[in-house]
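These numbers were taken from a predicted model, which means no experiment stands behind them. Counting starts at 1 for both ligands and their atoms, in listed order.
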Amino acid sequence: MRYEAPRSLDQAIVLLVGAKGDARVLAGGTDLLVQMKTDILAPDLIVDIKGIAELREIKEEGGGFRIGAAVTGAELKEHARLKAVFPGVVEAANLIGSTQIQGRASMGGNLCNGSPAADSVPALIVVGAIASVVGPGGRRDIPVEDVMVGPRKLSLVKGEIVASFLLPAKPGRTGDAYLRFIPRTEMDIAVVGCGICLTLDAAGTCTAARVSLGAVAPRPLLVAPAAAALVGTKVDAAALEKLDAAARAACQPIDDKRGTKEYRVKVAGVLARRAAQIAVERARTA
Ligand SMILES: Cc1cc2nc3c(=O)[nH]c(=O)nc-3n(C[C@H](O)[C@H](O)[C@H](O)COP(=O)(O)OP(=O)(O)OC[C@H]3O[C@@H](n4cnc5c(N)ncnc54)[C@H](O)[C@@H]3O)c2cc1C
């Protein structure tokens with residue numbers, strides 16, 4: 001196995017495109033190295049992207065933020081302004097693993113590992129995050145909800161790297177939240193994850209919403225009917241009831257040791273209600 005640590009995206013892409021056999025990007029390695037140690041993967045080439053400056057930066061852009069794909073969860077948590085503006089995104093990224101994992105794991109890796117249960121993905125989807133993807137054909141922007149197409153399957157082509165995520169400027173009175181349910185208190189994979197971002201007008205009526213569910217379908221879902229249940233309401237009990245029903249209706253879950261299909265469907269509705277209540281509180285004070 002060959003290991004390369006290029007200092008530029010161009011070099012990384014040349015390496016990936018020219019590779020014979022299986023070539024893999026390495027960010028934090030908290031998925032990739034586990035898969036190599038358990039013989040799920042045996043790459044011929046590893047391209048370590050942690051030394052590429054553009055992928056390690058958090059910067060303000062157009063009133064929002066651009067976050068390098070290899071920025072770690074620990075670095076996100078230390079960015080006070082990002083945390084204040086997008087608490088749901090930072091909280092979701094900080095649910096990943098332990099303190100040790102936080103020092104390595106990135107949102108680019110969380111997305112590109114292709115797990116339907118990846119915690120940061122629904123949180124990115126609801127704030128309208130756009131993945132900036134660089135490859136042999138140049139640079140293109142993809143809404144985060146369109147990157148993962150199924151378990152371990154991405155819409156990226158050979159040689160493409162997710163370079164960064166653009167989190168567009170949030171309108172006033174907008175709040176985001178992410179909640180997940182796991183059988184333990186930490187260090188487990190989501191049975192269900194739910195992200196919600198919503199905007200209120202001056203009278204407290206919801207004017208826009210996005211709802212995303214993780215771990216209940218082959219890929220994280222953007223659930224338009226669940227958002228529609230909130231828009232035009234004061235996010236009151238009747239709206240939460242409709243949100244709960246719409247979230248449950250969107251689920252196509254599997255049965256596994258963490259939960260049955262029926263359990264996941266029920267938890268999706270409960271988490272959607274709770275995430276909406278947090279998002280609305282945040283929107284009121286934003
Ligand atoms: C103990 C433990 C606990 C964990 N807990 C959680 C949890 O609670 N929630 C959760 O969601 N996950 C969890 N994970 C999984 C993992 O930590 C996350 O998915 C993490 O975000 C992966 O990021 P990474 O930078 O380490 O990715 P890597 O392992 O470096 O890469 C993962 C995959 O993505 C590809 N890749 C990485 N970056 C890019 C890029 N920029 N462009 C293109 N492809 C790329 C790699 O080639 C690889 O296939 C856990 C893992 C461990 C070991």
Side-chain angles (χ1 to χ4, degrees), residues 1 3-6 9 12-13 15-17 19 22-38 40-52 54-57 67-76 89-124 131-135 139-140 142 144 147-148 151-165 178-193 195 214-215 219-220 258:
M1 186 193 73
Y3 168 87
E4 298 282 351
L9 261 174
I13 290 157
L15 285 163
L16 290 169
V17 171
D22 188 22
R24 299 275 165 172
V25 167
L26 173 83
T30 61
D31 279 315
L32 185 63
L33 296 186
V34 174
Q35 289 160 11
M36 288 168 62
K37 283 190 185 237
T38 51
I40 295 169
L41 291 176
D44 301 286
L45 171 68
I46 284 183
V47 179
D48 186 340
I49 58 171
K50 273 241 167 30
I52 303 173
E54 179 185 342
L55 275 58
R56 302 301 310 279
E57 295 168 351
I67 304 173
V71 169
T72 66
E75 288 162 341
L76 292 173
V89 172
V90 176
E91 283 165 6
N94 279 277
L95 285 171
I96 297 171
S98 56
T99 303
Q100 291 89 337
I101 296 289
Q102 287 292 311
R104 296 289 308 174
S106 65
M107 292 202 295
N110 200 219
L111 175 66
C112 295
N113 184 53
S115 163
D119 279 309
S120 66
V121 179
L124 285 171
S132 173
V133 175
V134 182
R139 194 178 280 262
R140 62 190 180 114
I142 315 177
V144 168
V147 174
M148 203 187 297
R152 311 271 170 234
K153 289 199 174 61
L154 308 178
S155 60
L156 305 185
V157 300
K158 181 175 166 146
E160 281 191 321
I161 296 175
V162 175
S164 61
F165 298 101
Y178 175 80
L179 292 176
R180 72 167 184 191
F181 178 74
I182 56 173
R184 307 194 299 178
T185 51
E186 60 179 20
M187 298 285 284
D188 208 338
I189 295 167
V191 172
V192 181
R219 62 174 180 164
R258 291 186 180 78

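Gln102 contributes a side-chain N or O that, together with a main-chain N or O of Ile96, makes up a donor-acceptor pair within less than 3.5 Å. Side chain of Ser155 to backbone of Val147: a donor-acceptor contact under 3.5 angstrom is found. Counting only distance, with no hydrogens or angles, the side chain of Arg104 and the backbone of Gly28 share a donor-acceptor pair below 3.5 Å.
For ligand 1 and Gly97, the ligand atoms under 4.0 Å from any heavy atom of the residue are 3 (C), 4 (C), 5 (N), 6 (C), 7 (C), 8 (O). Set against the non-hydrogen atoms of Ile49, the atoms of ligand 1 under 4.0 Å away are 41 (N). Of all atoms in ligand 1, listed by their number and element, those nearer than 4.0 Å to a heavy atom of Ala118 are 11 (O). Each of the following atoms of ligand 1 lies closer than 4.0 Å to a heavy atom of Leu95: 8 (O). Atoms of ligand 1 lying under 4.0 Å from any heavy atom of Arg180, numbered from 1 in the order shown and given with element: 7 (C), 8 (O), 9 (N). Ligand 1 places these atoms under 4.0 Å from at least one heavy atom of Asn110: 10 (C), 11 (O), 12 (N), 18 (C), 19 (O), 21 (O), 22 (C), 23 (O). Listed by atom number, the atoms of ligand 1 under 4.0 Å from Gly28 heavy atoms are 24 (P), 25 (O), 26 (O), 30 (O).
When side chains are defined from C-beta on, Met1 counts as touching Met36, because their heavy atoms get closer than 4.5 Å. Here the side chains of Arg139 and Leu9 are in contact, with some heavy-atom distance below 4.5 Å. Proximity of Leu26 to Tyr3: side-chain heavy atoms (C-beta onward) are separated by under 4.5 Å at one or more points. The shortest distance between side-chain heavy atoms of Met107 and Val71 does not fall below 4.5 Å.
A pairwise comparison of heavy atoms in Pro6 and Leu15 identifies CG-CD1, 4.0 Å as the closest pair. Nearest heavy-atom pair across Val17 and Lys158 is O-CE, 3.5 Å. Minimum heavy-atom separation, Gly114 to Leu154: CA-CD2, 4.3 Å. Of all non-hydrogen atoms in Leu156 and Cys112, the two that sit nearest each other are CD1-SG, 4.3 Å. Across all non-hydrogen atoms, the minimal contact from Thr30 to Ala105 is OG1-CB, 3.8 Å. Scanning all heavy atoms of the two residues, the minimum distance from Ala92 to Tyr178 falls at CB-CD2, 3.5 Å.
For Asp119, heavy-atom contacts with ligand 1 shorter than 4.0 Å involve the backbone as well as the side chain. Residue Ala69 touches ligand 1 through its side chain alone, judged by heavy-atom distances below 4.0 Å.
The nearest heavy-atom contact from the protein to atom 42 (N) of ligand 1 is Val162 N, 2.9 Å. Of the protein's non-hydrogen atoms, the one nearest atom 47 (O) of ligand 1 is Val25 O, 2.5 Å. Among protein heavy atoms, atom 52 (C) of ligand 1 sits closest to Ile101 CD1, 3.7 Å. Counting only heavy atoms of the protein, atom 27 (O) of ligand 1 lies nearest to Gly109 CA, 3.4 Å. Atom 19 (O) of ligand 1 has as its closest protein heavy atom Asp31 OD2, 2.5 Å. For atom 1 (C) of ligand 1, the closest non-hydrogen atom of the protein is Met187 CE, 3.5 Å. Ranking protein heavy atoms by distance to atom 53 (C) of ligand 1, first place goes to Thr30 O, 3.4 Å.
The option with the heavy atom closest to atom 35 (C) of ligand 1, from among Ala93, Ser106, Cys112, is Cys112. Nearest to atom 30 (O) of ligand 1 by heavy atom, out of Gly29, Pro43, Ala12, Ala163, is Gly29.
Polar contact with ligand 1: absent for Ser120 (N/O pair, distance under 3.5 Å). Ligand 1 has no nitrogen or oxygen under 3.5 angstrom from a nitrogen or oxygen of Glu160. Residue Ala105 places no N or O, backbone or side chain, under 3.5 Å from any N or O of ligand 1. Considering backbone and side-chain N/O atoms, Ile96 never comes within less than 3.5 Å of an N/O atom of ligand 1. At a 3.5 angstrom cut-off on N or O pairs, Ala27 counts as close to ligand 1. Taking distance alone, with nitrogen or oxygen atoms compared against 3.5 Å, Leu33 stays at or beyond that limit from ligand 1.
Within 4.0 Å of atom 45 (C) of ligand 1, at least one protein heavy atom is present.
At least one heavy atom of Asp188 lies less than 4.0 angstrom from ligand 1.
For the atom pair OG of Ser115 and CG of Asn110, the computed distance is 7.5 Å after rounding to the nearest 0.5 Å. Separation of atoms CG (Asp44) and CZ (Arg24) is listed at 10.0 Å; rounding is to 0.5 Å.
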